[in-house]
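The chains referred to below are lettered A, B, ... by the order of the sequence lines, with proteins before strands, and numbering in each begins at 1.
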Amino acid sequence: MLQRQEQIKVGINDLIINKESQKSIIELKYVDSFVLLPVEPFNFRYTLWKPSHFYTGLEAHSVQYSWRTYKLGEKPLGTKIYMNNNNLVVDIFAEGNLDAQDISSLKNRITHSYGLNEDLSCLENIKCSHNYLCKAIEDLYGMHISCPENLFEISIVSLLLQNTTIKRTTGMFQNLIDYYGQLVTFDNICLRVFFTPLDMVSVDEAELKEKCRLGYRAKFVNNYARYFVDNDDNSLQSYDKETLLKELQTIKGVGPYTANVIAAHSLRDFKAIPFDSWNRKIIGGRLFGKSDLEASVLQNMMENMFGDYAGLIALYLIEYEYINNPVVPLID
DNA sequence: GACCAGGTTTTGC
DNA sequence: GCAAAACATGGT
């Protein structure tokens, strides 16, 4: 693990930063609010906060509130999100004023990130032969897929998950975002902001290895950055899902797993399951009592049982696994 | 030291 | 084409 300078905790969320970074914290000011109406059933808490998600420093959650940063073009933004009756309220924090188009793209991004327009009442019709699964669906009922990351960001997250431990994934992520991302503070919260493809396109591979400890992944970061500088999310929207996933796998470092992470999270495909050594154990173990089933075997079993909702069911099982022991607990 | 981690690319039949 | 090896790094 990289040795660090003196570290301090900032914000009521206790973000850990290097002391020398403190001077570069960007203060975001409240600029506006808007309200979105999620389709019912909508479980606010388990949609925006996932008990199984590893620490990023991009978001913080309490029982009532969720704070999150976004990169809108090159502008860093902060959001504070909470429920008011059936409305999802979004307070926006930024460096300066935002124009109508900024607000509109943020609305779209949040709506998409949390699937506010998706109807999950289909969960009631799932044939629940497994008692454990019934409990998972009941206790997490209305939980949507969450993916506030854009295509570049989710690809980077997935790259860092490949063939290593979560401990090291978290370490690599913190190193990367520490060197190449931003630090912001708003509403007494301090958070990190993702770097953009442009930030990474000319970063030296040796630097990524030596400073960020990325290992063999270092050479892939440039590939990802180059691709997403040339192809922003809007231009990729013209592809249908199958074509896009094939297209993304032409990027060196994006294989079937990463493509499936993108499908299941960013493209919000209820059927896709990004099988890895971790969730194979959980899904195989909980549903079939076998923790060492091959991904292809599990895929077939899940599709036979749950059809187009196989991925959604996988999500419920995975999050339920951590419900009483979350990787990153809620703050007070 | 060997082996494994929330995979992917390269190599060698 | 397909299986096996190689890939960086850190922990056990």
Side-chain angles (χ1 to χ4, degrees), chain A residues 1-4 50-56 58 145-147 149 151-179 200 203-228 245-266 269 272-287 290-299 302 310-323 325-328:
Chain A
M1 195 64 48
L2 192 69
Q3 75 270 47
R4 294 180 169 281
K50 292 286 187 287
S52 83
H53 283 194
F54 68 87
Y55 177 79
T56 63
L58 298 169
I145 296 163
S146 63
C147 187
E149 293 78 16
L151 283 172
F152 170 68
E153 293 165 354
I154 193 69
S155 303
I156 291 286
V157 167
S158 182
L159 172 66
L160 299 185
L161 285 166
Q162 295 171 10
N163 194 41
T164 191
T165 55
I166 289 304
K167 185 183 169 73
R168 208 163 95 74
T169 299
T170 308
M172 289 188 284
F173 191 84
Q174 290 308 303
N175 292 338
L176 267 181
I177 207 154
D178 198 16
Y179 278 106
M200 303 307 284
V203 167
D204 184 35
E205 184 184 324
E207 188 172 294
L208 292 173
K209 271 193 190 177
E210 288 157 23
K211 290 186 179 170
C212 300
R213 317 304 294 155
L214 252 60
Y216 71 90
R217 298 166 192 77
K219 60 178 171 292
F220 297 137
V221 171
N222 285 127
N223 298 339
Y224 284 30
R226 170 55 54 197
Y227 183 88
F228 287 105
L245 291 177
K246 266 193 188 147
E247 165 72 16
L248 292 176
Q249 286 182 76
T250 64
I251 308 169
K252 287 291 178 210
V254 177
Y257 171 72
T258 300
N260 262 310
V261 168
I262 293 166
H265 295 92
S266 190
D269 180 348
I273 311 175
F275 278 113
D276 54 34
S277 60
W278 167 63
N279 60 26
R280 271 179 21 232
K281 282 179 198 153
I282 295 174
I283 297 164
R286 289 299 181 185
L287 288 187
K290 291 181 182 173
S291 57
D292 57 349
L293 293 171
E294 296 247 355
S296 57
V297 176
L298 266 179
Q299 179 77 45
M302 291 294 283
L312 206 51
I313 295 302
L315 179 73
Y316 273 72
L317 284 172
I318 290 161
E319 295 310 325
Y320 201 54
E321 193 74 25
Y322 289 83
I323 195 164
N325 189 22
V327 179
V328 183

What residues, two or more places apart in sequence or in another chain, satisfy side chain to side chain donor-acceptor pair (under 3.5 Å) together with [X]?
X: A/Tyr55; result: none
X: A/Tyr320; result: A/Asp139
X: A/Glu207; result: A/Tyr180
X: A/Thr170; result: none

Quick one: which protein N/O atoms are closer than 3.5 Å to N/O atoms of nucleotides 1-7 of chain C? Pair and distance per line, please.
none

Please list all pairs passing the salt bridge (Lys or Arg N to Asp or Glu O under 4.0 Å) test where one or both residues lie in residues 253-262 of chain A, with sequence neighbours left out.
none
Across the strands shown, which category fits [X] at heavy-atom distances under 4.0 angstrom: base, sugar-phosphate, nothing?
X: A/Ile318; answer: nothing
X: A/Pro274; answer: nothing
X: A/Thr164; answer: base
X: A/Phe220; answer: sugar-phosphate
X: A/Thr170; answer: nothing
X: A/Val254; answer: sugar-phosphate
X: A/Thr258; answer: sugar-phosphate

Identify, between A/Tyr322 and A/Lys252, the residue whose nearest nucleotide on DNA chain B lies closer to the 5' end.
A/Tyr322
Between A/Lys281 and A/Gly255, which has a closest nucleotide on DNA chain B that is more 5'?
A/Lys281
So OH of A/Tyr216 and CD of A/Glu205: to nearest 0.5 Å the spacing works out to 13.5 Å
Round to a whole Å and report the spacing from [atom1] of [X] to [atom2] of [N].
X: A/Leu160; N: C/dA8; atom1: CG; atom2: C1'; answer: 13 Å
X: A/Ile166; N: C/dG10; atom1: CD1; atom2: C1'; answer: 14 Å
X: A/Met172; N: C/dG11; atom1: CE; atom2: P; answer: 12 Å

Residue set satisfying salt bridge (Lys or Arg N to Asp or Glu O under 4.0 Å) with A/Asp269, at least two apart, ordered chain then number -> A/Lys241
Could you list where the contact with chain A starts and ends along DNA chain B, reading 5' to 3', using a 4.0 Å heavy-atom cut-off?
B/dA5 to B/dT10
Are A/Arg213 and C/dA8 close enough that a side-chain N or O sits under 4.0 Å from OP1 or OP2?
no
Summary of side-chain hydrogen bond (donor to acceptor under 3.5 Å, both in side chains) pairs that have at least one residue in residues 247-265 of chain A, sequence neighbours excluded
A/Ser158-A/Thr258, A/Gln162-A/Thr258, A/Tyr227-A/Glu247, A/Tyr257-A/Asp276
Check: C/dT9 base within 3.5 Å donor-acceptor of A/Arg168 side chain
yes
Using the C1' atom as the reference point in each nucleotide, state the distance between B/dT8 and C/dG11 in Å, no decimals.
22 Å
What distance, rounded to whole Å, do you find between the two P atoms, one in B/dG6 and one in C/dC2?
28 Å
A/Arg280 side chain to A/Asp292 backbone, donor-acceptor under 3.5 Å:
no
Is there a side-chain contact between A/Val221 and A/Leu214 (heavy atoms, below 4.5 Å)?
yes
